[in-house]
S.K.: 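A single structure is presented below for examination.
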Number of protein chains: 2
Amino acid sequence: MSVTAPRGFRASGVPAGLKASGAPDVALVVNDGPAAAVAGVFTANRVKAAPVLWSQQVVRGGQVRAVVLNSGGANACTGAPGFQDTHATAEHLAAALTAVGPELGAGEVAVCSTGLIGERLPMDRLLPGVDAAVAALALDGGAAAARAIMTTDTRPKTTEVNAEGWTVGGIAKGAGMLAPALATMLCVLTTDAVAEPDALDEALRAACRVSFDRLDSDGCLSTNDTVLLLASGASGIAPGRAELTAAVTTACRDLARQLLSDAEGATKEIAIEVVGAADEDDAVEVGRAVARNNLVKTALFGNDPNWGRILAAVGTTRAAFDPDALDVAINGVWVCRAGGAAEDRAKVDLTGRDVDIRIDLHAGPATATIWTNDLSHAYVHENSAYSS
Amino acid sequence: MSVTAPRGFRASGVPAGLKASGAPDVALVVNDGPAAAVAGVFTANRVKAAPVLWSQQVVRGGQVRAVVLNSGGANACTGAPGFQDTHATAEHLAAALTAVGPELGAGEVAVCSTGLIGERLPMDRLLPGVDAAVAALALDGGAAAARAIMTTDTRPKTTEVNAEGWTVGGIAKGAGMLAPALATMLCVLTTDAVAEPDALDEALRAACRVSFDRLDSDGCLSTNDTVLLLASGASGIAPGRAELTAAVTTACRDLARQLLSDAEGATKEIAIEVVGAADEDDAVEVGRAVARNNLVKTALFGNDPNWGRILAAVGTTRAAFDPDALDVAINGVWVCRAGGAAEDRAKVDLTGRDVDIRIDLHAGPATATIWTNDLSHAYVHENSAYSS
């Protein structure tokens with residue numbers, strides 16, 4: 001399962017003492033080849049954590065043989081010393097792997113971190129943790145790696161997609177701060193397909209665009225988001241680009257759905273399907289405006305089919321539509337037609353966890369679905385108590 | 001006090017049975033002249049309530065002799081029948097005022113509504129309420145009018161600004177859904193200054209830009225926001241444009257501050273002062289991004305000086321800045337310098353209601369302050385229970 005499902009990969013997850021709880025907090029994913037192709041997608045936030053700045057450079061080189069991930073500290077807003085810590089971690093892992101296998105440079109090591117922003121990592125605990133993680137590397141270590149990258153996640157997220165003789169596997173973490181252009185999330189995908197970096201890049205960007213980028217739990221954009229795709233080529237099979245993209249997309253969608261269902265304090269999983277849009281950008285803009293509207297989100301928490309708040313949210317966008325032509329259905333009941341009240345809102349059953357909102361703009365053929373959560377007491381509680 | 005402080009105005013507020021509580025819900029402001037100049041600023045939401053569509057037309061005419069306002073129903077997303085209800089209300093008031101005074105047309109009556117979206121107003125109760133409000137008109141009726149427009153407001157909002165022989169008065173309502181380009185708010189300002197509609201328009205737009213438009217309680221933009229400024233000319237004094245703008249701005253700032261302090265469920269009043277911006281637009285964009293960030297807002301609710309979340313919010317903007325040059329102070333303590341940790345966050349005292357966040361972009365001379373609230377359990381509670 002997970003990142004060790006495809007051939008050519010080992011992984012591990014160990015406790016290094018970064019988390020006060022003593023839970024696992026350092027993970028490794030190692031690509032044993034024969035190939036070491038890589039692609040990456042990183043946060044759009046202009047305030048980027050040190051490991052993001054590092055890994056962007058490494059991925060640009062097109063070769064990654066190992067990824068080290070830590071929870072218990074984001075290493076964001078830590079300046080030049082923080083970047084040196086990331087560099088030292090990559091150097092340390094490269095040396096430790098070289099000592100027990102083929103030679104490896106720090107420039108082939110990606111680094112991911114997650115946790116509180118603004119504090120240095122305790123390197124005296126992290127580096128011994130990296131050594132322990134190297135010693136623990138195993139062909140079935142994917143599950144341990146998935147556990148070691150959890151922060152407020154209540155469960156590990158893993159995926160496996162089997163194609164014709166090759167496989168895509170993945171792990172992810174993230175349970176809040178989900179926003180477009182990636183959630184506060186780390187994700188490592190692996191495949192034993194034979195693929196060049198540019199094919200991986202194309203597949204990964206296409207997959208993220210319709211999975212993680214369509215997730216908007218609370219509109220907040222993290223400093224550390226990273227999605228990596230490593231290809232070992234160990235299957236000997238070189239899929240076509242469409243086939244590769246399809247499998248990576250399936251894996252990303254599966255992980256995105258798991259992130260949504262584990263979002264901090266949420267009681268609802270809400271799909272906002274925008275149809276009849278002039279183009280896909282309009283559909284996404286409308287979906288996001290509704291997904292980010294705190295009045296819509298609190299109404300759904302209160303099981304209130306308040307379609308007026310949905311229309312008010314749609315009205316803040318620049319998408320093409322006529323306000324007098326908007327239709328809205330909530331869980332299949334068309335409570336709003338032509339911009340006004342239609343079916344009785346009392347017919348809407350919001351007692352379940354899944355909520356389906358459908359908005360018809362009547363302006364064209366395009367469609368998009370944005371996923372979000374409600375805004376609950378528990379969300380406020382978890383996020384007001386996270387760092388203090 | 002309030003709208004009846006300037007000479008030439010009468011007002012009233014009465015219960016008409018629109019609110020289930022039996023509290024006052026219909027208000028009138030009447031301009032007895034000699035002049036009837038008007039200016040208005042309306043919601044930027046493209047889904048506009050019927051009274052907004054109506055009053056926009058009326059204000060375009062440049063003459064308004066009366067404003068009728070109701071709480072207990074927004075008359076938004078009610079289609080053509082809702083617009084007819086607004087028209088009928090204006091006709092009814094014009095006839096009722098004509099019966100007891102100089103002739104008045106519906107085209108000189110502005111209408112404002114606030115309450116739940118998507119339901120028709122009970123005209124059988126509203127129109128008799130208008131008659132009762134006409135009968136109750138008084139030279140000291142401003143306070144009653146301020147009470148009759150309240151929804152979830154816990155207290156009426158009024159203001160009075162005295163200039164050299166002339167006065168500006170005002171009432172406002174709004175206690176949530178505060179967002180740029182107006183909060184869910186209604187505001188009527190009056191003055192006995194002599195001023196043409198274009199001078200009033202210039203003063204009102206300038207005043208709103210630095211008061212109501214800088215308030216961003218929860219990022220949600222209402223369908224009904226309206227700010228009207230009526231001038232009776234009864235003082236006989238024609239102030240200069242700068243003088244008029246200054247007085248109207250003072251009145252708007254006073255009311256905006258009252259809206260902020262009464263925002264639904266808030267425990268904090270937060271001033272986000274952005275300095276060192278390349279231009280004012282950048283300063284406003286950064287301030288809004290921080291004001292709308294649920295992770296910042298929940299952290300402040302939890303008395304947590306989590307400056308990393310502030311930096312992450314700044315990083316989502318397109319404003320000019322270098323991430324490694326950002327400084328952030330919370331209540332006077334510079335917890336972040338040059339994009340990294342500086343003074344000990346434990347020094348920050350967040351136990352009070354007022355919070356001052358100062359962000360220095362080090363990119364230029366411009367500055368702007370955005371006002372917002374925290375995101376609390378009570379906000380979630382009030383907004384999840386509003387209509388059900």
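Owing to the predicted nature of the structure, the values given are computational and were not obtained by experimental measurement. Every chain is numbered from 1, with letters handed out A, B, ... down the list of sequences.
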S.K.: Tell me the closest heavy-atom pair linking B:C77 and A:W307, and the distance in Å.
M.R.: CB-CZ3, 3.5 Å
S.K.: Between atom OG of B:S222 and atom CZ of A:R309, what is the distance when rounded to the nearest 0.5 Å?
M.R.: 11.5 Å
S.K.: What part of A:L300 gets within 4.5 angstrom of chain B, counting heavy atoms only: side chain, backbone, both, or neither?
M.R.: neither
S.K.: Can you give me the closest heavy-atom contact between B:G118 and A:A341, atom names plus distance?
M.R.: O-CB, 3.7 Å
S.K.: Side chains of B:T316 and A:V47, heavy atoms from C-beta outward: is any pair under 4.5 Å?
M.R.: no
S.K.: Identify which of B:A319, B:G79, B:C336 forms the greatest number of heavy-atom pairs closer than 4.5 Å to chain A.
M.R.: B:A319
S.K.: Against chain A, label B:R120 side chain, backbone, both or neither, depending on which of its atoms sit under 4.5 Å from a heavy atom there.
M.R.: neither
S.K.: Could you tell me whether the side chain of A:L311 reaches within less than 4.5 Å of the side chain of B:I117, counting heavy atoms only?
M.R.: no
S.K.: For residues A:A312 and B:T223, report the shortest heavy-atom separation together with the two atoms involved.
M.R.: CB-CG2, 3.9 Å
S.K.: Does A:P323 offer a backbone N or O that forms a donor-acceptor pair with the side chain of B:R46 under 3.5 Å?
M.R.: no
S.K.: If you count the non-hydrogen atoms of other residues, nucleotides and ligands that lie under 6.0 Å from CZ in A:R353, is the total more than 12?
M.R.: yes
S.K.: For A:A76, is it the side chain, the backbone, both, or neither that has a heavy atom closer than 4.5 Å to a heavy atom of chain B?
M.R.: neither
S.K.: If you count heavy-atom pairs under 4.5 Å with chain B, which of A:V335, A:T78, A:V314, A:T317 comes out on top?
M.R.: A:T317
